[in-house]
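The next block holds one structure in the form of structure tokens; read it before the comments.
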There are 2 protein chains.
Amino acid sequence: MAQVGEESSTGWRDKTVTIEDVAKEANVSVATVSRALRDLPNVAPATRAKVQAVAKELSYVADPTAARLAAGRTGTVAVAVPVLDAWYFAKIVAGVEAVLKEANVDLLLYAVTSERERELFLAGRGAWWRRSDGLIMVDVELGEENAVRLAESGARIVTVGSSTPSFSSILLDEVAATKEAVEHLVAAGHTRIGVLSGESNALKFRVPSLRLGAVRDLKQRLGLDEDPELEQEGGFSVEGGRDALGTLLDLPEPPTAVFALSDEMAVGAVDCLRRRGLKAPDDMAIIGFDDNDMAELFGLTTMRQDVERVGATAARLVLASLAVPNHLPAPVERMTTDITMVVRETS
Amino acid sequence: MAQVGEESSTGWRDKTVTIEDVAKEANVSVATVSRALRDLPNVAPATRAKVQAVAKELSYVADPTAARLAAGRTGTVAVAVPVLDAWYFAKIVAGVEAVLKEANVDLLLYAVTSERERELFLAGRGAWWRRSDGLIMVDVELGEENAVRLAESGARIVTVGSSTPSFSSILLDEVAATKEAVEHLVAAGHTRIGVLSGESNALKFRVPSLRLGAVRDLKQRLGLDEDPELEQEGGFSVEGGRDALGTLLDLPEPPTAVFALSDEMAVGAVDCLRRRGLKAPDDMAIIGFDDNDMAELFGLTTMRQDVERVGATAARLVLASLAVPNHLPAPVERMTTDITMVVRETS
DNA sequence: TTGAAAGCGCTAACAA
DNA sequence: TTGTTAGCGCTTTCAA
């Protein structure tokens with residue numbers, strides 16, 4: 001330990017101003033400092049003012065780790081998403097972050113990209129349940145047993161894109177939206193409708209299968225062409241969508257319209273068309289899902305979801321559940337957000 | 001996996017399992033458990049095995065907060081970015097996350113979007129310096145004084161997109177890339193070159209001004225048109241780029257080529273052209289910056305940077321600095337990553 | 001209204 | 001090799 005000057009030696013730990021420093025400087029006990037700074041009752045106004053002044057002067061900020069250890073609260077919420085660099089998830093995280101910041105709560109981010117990681121995560125990797133007061137799982141399936149187990153252990157969780165009986169959840173109305181999209185195409189006279197779907201990785205997203213299921217249902221009910229070849233995997237990427245549409249176009253009897261389960265794939269499809277000298281909607285109607293940044297540029301008809309708001313709502317739900325005393329059960333709220341169709345040029 | 005319905009006193013669903021529970025169950029002291037589980041030396045192989053087995057059986061995971069309090073390490077790295085829902089930053093964060101996960105380090109995410117937030121953040125909001133072992137600041141200016149202060153207090157920081165004498169940094173070679181882009185346009189015979197630049201918010205990005213400065217330099221050196229009207233702010237967004245190009249086109253003497261400081265703006269420009277029935281590069285050459293997802297779709301000539309890798313490198317740098325004992329100064333490494341031109345159709 | 005003191009769960013000297 | 005014990009910085013009874 002090299003001594004340099006009077007104060008510093010090994011690093012920030014030595015210089016850190018603690019609650020004790022504040023107490024000493026303000027001539028009160030640490031307990032009083034603690035109370036005063038957290039706006040708890042039973043502190044004389046004058047004392048509180050004094051303590052606050054001293055704290056400010058010393059740039060004192062309570063150590064959240066120590067607080068967590070003593071009080072059990074971390075002031076942190078964890079967020080788990082399947083991928084970070086996709087429009088949809090980035091938007092969700094942005095929505096969550098904005099609300100948490102407002103509440104002065106920090107955000108611990110986990111990318112849970114594979115089934116294996118999901119298991120590790122739920123088994124405790126990262127110890128998120130100790131590091132955070134609550135968790136938002138976005139399109140990462142929790143599973144009923146996990147949900148029950150975690151609920152019993154007192155966890156505060158909000159799921160987005162899936163739901164369990166134990167925790168609050170936000171579902172997008174996939175089924176209704178999918179119906180609206182398909183019906184839109186049917187109304188335009190299409191009966192042979194392709195679908196661009198597909199897993200992007202090993203993780204079982206719930207969302208794609210929901211949408212796909214809805215399409216199948218509807219096809220059957222409306223007596224549309226149910227040829228399985230009409231369903232192609234596009235992996236939720238532009239390239240995937242491009243390739244998938246290529247496959248559809250090369251079919252002996254190609255569809256006359258295509259519903260892409262994401263805008264990325266829809267855009268890839270539009271590009272594919274363009275490369276072949278074709279055009280939407282004349283040669284093929286295309287409808288996407290999300291209304292992301294590219295949708296407007298491509299004149300894409302799509303199902304718009306207010307993703308950022310979903311993130312914000314999820315954050316509010318966790319915060320609300322955190323406000324409930326720990327010995328009481330967390331409230332379970334089930335929300336469904338609408339999805340509206342934005343008709344542009346590709347349909 | 002622990003069995004349901006057995007041993008209710010130790011299952012972690014009822015109460016959190018502590019190191020003491022493990023110690024008791026394994027008939028050793030907590031110190032031994034601690035050593036055994038952290039792969040520290042001086043533990044008999046048999047003891048270690050036993051402890052590990054017990055820990056696994058009880059699903060014990062050490063509480064990171066308690067560990068931090070005792071040892072000063074949090075196992076967490078904080079990342080600060082100006083915005084979350086932009087391609088560039090999402091990629092960076094993804095790159096960081098991947099490396100941190102590998103090292104079993106958690107990621108605390110902060111969006112520092114305004115000058116005010118930057119100040120709050122550096123002043124301690126979120127107490128990131130207590131919650132995390134290190135910090136990666138992406139395009140959030142640290143400032144020399146802050147850098148010095150933080151370095152003295154022993155902080156481990158890596159900056160991306162800016163640099164200070166105190167900490168490791170990763171710079172993209174903005175100047176060289178900008179030159180290459182402009183020279184590319186000049187080589188094609190352009191002398192009146194527009195620039196799409198611009199702040200998206202109150203935060204002083206360093207990057208835009210660097211690029212803009214380089215363009216100005218070069219214009220002067222090459223004797224190109226330096227008309228200030230040729231510089232338009234596009235706010236790094238598609239819409240901004242569209243509008244900015246509109247302004248340029250409406251100039252009495254519009255430029256014949258445009259360099260957009262981001263692909264988003266470049267794409268907006270291409271769209272603007274298209275709406276007016278014009279086309280790149282015939283009516284106007286366009287070159288962007290980033291090579292993001294949209295670039296290829298739009299046939300955009302652009303300067304490609306491997307953003308994800310930058311994130312990964314930043315993460316490795318913090319991890320490396322964390323590996324250095326606290327009483328030693330953290331190593332300062334200064335890296336510059338290349339940017340390469342991708343020539344497509346718009347130039 | 002305030003303070004003293006017992007932890008929270010863990011790590012790290014130091015002893016044994 | 002292992003155990004004992006003193007904290008880490010805070011919150012929270014319980015007394016004063």
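Each chain gets a letter, A, B and so on, in the order the sequences are listed, and its residues count up from 1. What you see below is based on every heavy atom in this structure, not just the backbone, and it leaves out hydrogens, waters and symmetry mates.
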Looking only at atom types and distance, does a side-chain atom of B:Arg131 sit under 3.5 Å from a main-chain N or O of A:Pro64, one as donor and one as acceptor?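 Checking the backbone N and O of A:Pro64 against the side chain of B:Arg131, no donor-acceptor pair under 3.5 Å is found.
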
First locate atom OG1 of B:Thr32, then atom CG of B:Leu37, and finally report the distance between them rounded to the nearest 0.5 Å. 11.0 Å

Whole-Å gap separating [atom2] ([N]) and [atom1] ([X]):
{"X": "A:Lys24", "N": "D:dG9", "atom1": "NZ", "atom2": "P", "value": "12 Å"}
{"X": "B:Leu37", "N": "C:dT11", "atom1": "CG", "atom2": "C1'", "value": "13 Å"}
{"X": "B:Glu20", "N": "D:dT4", "atom1": "CD", "atom2": "C1'", "value": "13 Å"}
{"X": "B:Arg131", "N": "D:dC10", "atom1": "CZ", "atom2": "C1'", "value": "13 Å"}
{"X": "A:Trp129", "N": "C:dG9", "atom1": "CH2", "atom2": "C1'", "value": "13 Å"}
{"X": "A:Leu69", "N": "D:dC10", "atom1": "CG", "atom2": "P", "value": "12 Å"}
{"X": "A:Asp63", "N": "D:dG7", "atom1": "CG", "atom2": "C1'", "value": "14 Å"}

Give one of base, sugar-phosphate or nothing for B:Asn42, where a contact means two heavy atoms less than 4.0 Å apart.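 Here B:Asn42 touches the bases of the nucleic acid.
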
Atom pairs and distances, donor-acceptor, side-chain atoms in residues 90-98 of chain A, under 3.5 Å, two or more places apart:
from: A:Lys91; atom 1: NZ; to: B:Asp85; atom 2: OD2; distance (Å): 3.0
from: A:Glu97; atom 1: OE2; to: A:Lys101; atom 2: NZ; distance (Å): 3.4
from: A:Glu97; atom 1: OE2; to: B:Ala111; atom 2: N; distance (Å): 3.3

Basic-acidic side-chain contact under 4.0 Å: B:Arg116, B:Glu119: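 No salt bridge links B:Arg116 with B:Glu119.
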
Please tabulate, one pair per line, all N/O donor-acceptor pairs under 3.5 Å involving side-chain atoms of residues 41-58 of chain A, not counting sequence neighbours.
from: A:Arg48; atom 1: NH1; to: A:Ala36; atom 2: O; distance (Å): 3.1
from: A:Arg48; atom 1: NH1; to: A:Leu40; atom 2: O; distance (Å): 3.3
from: A:Arg48; atom 1: NH2; to: A:Leu40; atom 2: O; distance (Å): 2.6

Do any side-chain nitrogens or oxygens of A:Ser29 fall under 4.0 Å of OP1 or OP2 in C:dG3?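 Yes, such a contact exists.
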
N/O (side chain, A:Thr47) to phosphate O (OP1/OP2, C:dT2) under 4.0 Å: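 Affirmative; the distance criterion is met.
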
In chain order, what residues pass the ring-ring contact (aromatic ring centres under 6.0 Å, His included) check against B:Phe121, with sequence neighbours excluded?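 In terms of ring-ring contact (aromatic ring centres under 6.0 Å, His included), with neighbours along the sequence ignored, B:Phe121 is linked to B:Tyr110, B:Trp128.
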
Qualifying side-chain hydrogen bond (donor to acceptor under 3.5 Å, both in side chains) pairs, either residue in residues 308-320 of chain A, two or more places apart: none

Any non-hydrogen side-chain atom of A:Thr113 less than 4.5 Å from a side-chain atom of A:Pro82?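 The answer is no, as the side chains (C-beta and beyond) never meet within the 4.5 Å cut-off.
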
Taking protein heavy atoms under 4.0 Å as touching, what does nucleotides 11-16 of chain D look like 5' to 3' if B marks base contact, S marks sugar-phosphate-only contact and - marks none? SBB---

Need the bend value for the helix from C:dT1-D:dA16 to C:dA16-D:dT1: angle between end axes, 5 pairs each end, nearest 10°.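 That helix gives 40° between its end axes.
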
Knowing that exactly one of B:Asp106, B:Leu319, B:Thr76 qualifies, which makes a side chain to side chain contact (heavy atoms under 4.5 Å, CB included) with B:Leu100?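 Answer after filtering B:Asp106, B:Leu319, B:Thr76: B:Leu319.
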
